[in-house]
Each structure stands twice: as C-alpha cells, then as structure tokens.
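The structure under discussion appears below in the form of structure tokens.
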Amino acid sequence: YYIVGTWNDWSKFELMTPGPKWYTYTVTLGSNRWEQFQIVRAEDWKQRIYPVTCAAQPNGNIKGPEDGGHGYNWMIDGRNEPWVKEEMR
C-alpha cells in the first residue's frame with residue numbers, strides 16, 4: 001500500500017511500511033501544521049482507500065479500494081497542539 005498527500009502536492013506515491021496489524025508511514029507536518037492524505041493500492045488511483053467524509057479523522061468509516069473518493073481525505077491537524085521544537089548547533 002502507498003500513501004500520497006499534501007506534503008508532496010499529491011505527486012508521489014510513497015510506500016507504507018507493513019507491520020503485524022497495519023501499515024505505517026511517518027509524516028512531517030509542514031509550516032501550516034496540517035496535512036491531508038489518501039491510501040492507494042498498487043500505485044493506482046483507481047484503487048483508492050479513503051474516508052467517507054472530507055478532512056476525516058483516522059477513526060471514521062472508509063471506502064475502497066475503488067475508483068472514486070477525489071477530495072475525500074484523511075487529515076492530520078496539529079494546529080491546536082502545543083509543539084516545541086529545539087535545535088542544538
């Protein structure tokens with residue numbers, strides 16, 4: 001399974017890591033502190049796995065894999081989270 005989203009302008013399918021129960025992928029939030037994504041099987045837009053609502057949280061109902069779902073994305077929203085970033089030089 002592959003993931004594609006706003007962090008690369010929907011332009012590149014990135015391979016998810018299979019685990020014993022689910023697939024994973026690490027997303028780094030951009031400066032806007034939110035990202036949206038869909039999961040795609042076999043790098044084929046006609047095999048999308050997507051939520052039934054727009055900008056959905058991860059615990060909702062899903063559809064697919066099927067040809068459809070344009071604009072129905074999961075959303076990771078970190079805008080209301082207190083983030084602290086420290087850098088050492």
Side-chain angles (χ1 to χ4, degrees):
Y1 289 91
Y2 294 81
I3 189 168
V4 60
T6 53
W7 58 88
N8 65 17
D9 199 27
W10 304 95
S11 64
K12 181 181 176 189
F13 296 109
E14 300 186 56
L15 186 62
M16 298 179 73
T17 304
K21 293 186 178 183
W22 47 74
Y23 286 77
T24 62
Y25 183 81
T26 300
V27 173
T28 300
L29 300 180
S31 61
N32 60 11
R33 295 178 56 184
W34 63 267
E35 301 292 348
Q36 291 192 24
F37 68 94
Q38 287 188 345
I39 297 170
V40 178
R41 186 168 63 181
E43 297 183 78
D44 181 0
W45 281 113
K46 293 182 179 181
Q47 297 188 55
R48 297 179 198 217
I49 299 169
Y50 57 94
V52 297
T53 59
C54 297
Q57 298 301 309
N59 56 354
N61 293 326
I62 62 171
K63 288 185 136 186
E66 63 186 27
D67 185 12
H70 180 76
Y72 287 82
N73 310 318
W74 281 285
M75 183 167 188
I76 304 166
D77 192 346
R79 291 176 289 187
N80 295 323
E81 298 297 321
W83 293 92
V84 176
K85 181 179 180 182
E86 296 182 11
E87 293 184 7
M88 298 182 70
R89 295 178 190 234

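None of the values given here were measured: they were computed from a predicted structure.
Every pair passing ring pair (Phe, Tyr, Trp, His ring centres under 6.0 Å) that includes a residue from residues 45-72 is listed here, sequence neighbours excluded: F13-W45.
Here the OH-CG distance, from Y1 to L15, works out to 12.5 Å after rounding to the nearest 0.5 Å. Interatomic distance, L29 CG to D77 CG, rounded to the nearest 0.5 Å: 8.5 Å. The CD1 atom of I49 sits 10.0 Å away from the CD atom of E66 when rounded to the nearest 0.5 Å. We find the CD-OH distance between E43 and Y2 to be 4.0 Å, quoted to the nearest 0.5 Å.
Pairing each heavy atom of N32 with each of E35, the nearest pair is OD1-OE2, 4.1 Å.
If you chain together hydrophobic residues whose side chains sit under 4.5 Å apart, M16 and V40 never meet in one group.
With contacts defined as side-chain heavy-atom distances shorter than 4.5 Å, the pair V4/K12 does not qualify.
Side-chain atoms of R33 come within 3.5 Å of backbone N or O of G78 as a donor-acceptor pair. The main-chain N or O of I3 is never found under 3.5 Å from a side-chain atom of Q38 such that the two would form a donor-acceptor pair.
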Please list, one pair per line, the donor and acceptor atoms closer than 3.5 Å that link side chains of residues 19-27 to other protein atoms, with sequence neighbours excluded.
unit_1: Y25; atom_1: OH; unit_2: E14; atom_2: OE1; d: 2.3
unit_1: Y25; atom_1: OH; unit_2: E14; atom_2: OE2; d: 3.4

Just distance, no hydrogens or angles: give the donor-acceptor pairs under 3.5 Å from side chains in residues 51-62, sequence neighbours left out.
none

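Every side-chain hydrogen bond (donor to acceptor under 3.5 Å, both in side chains) that Q36 has, sequence neighbours left out, goes to N73. Residues passing the side-chain hydrogen bond (donor to acceptor under 3.5 Å, both in side chains) test with D67: none are found, sequence neighbours excluded.
W34 forms part of a hydrophobic cluster together with M75, judged by ILVMFWY side-chain heavy-atom separations under 4.5 Å.
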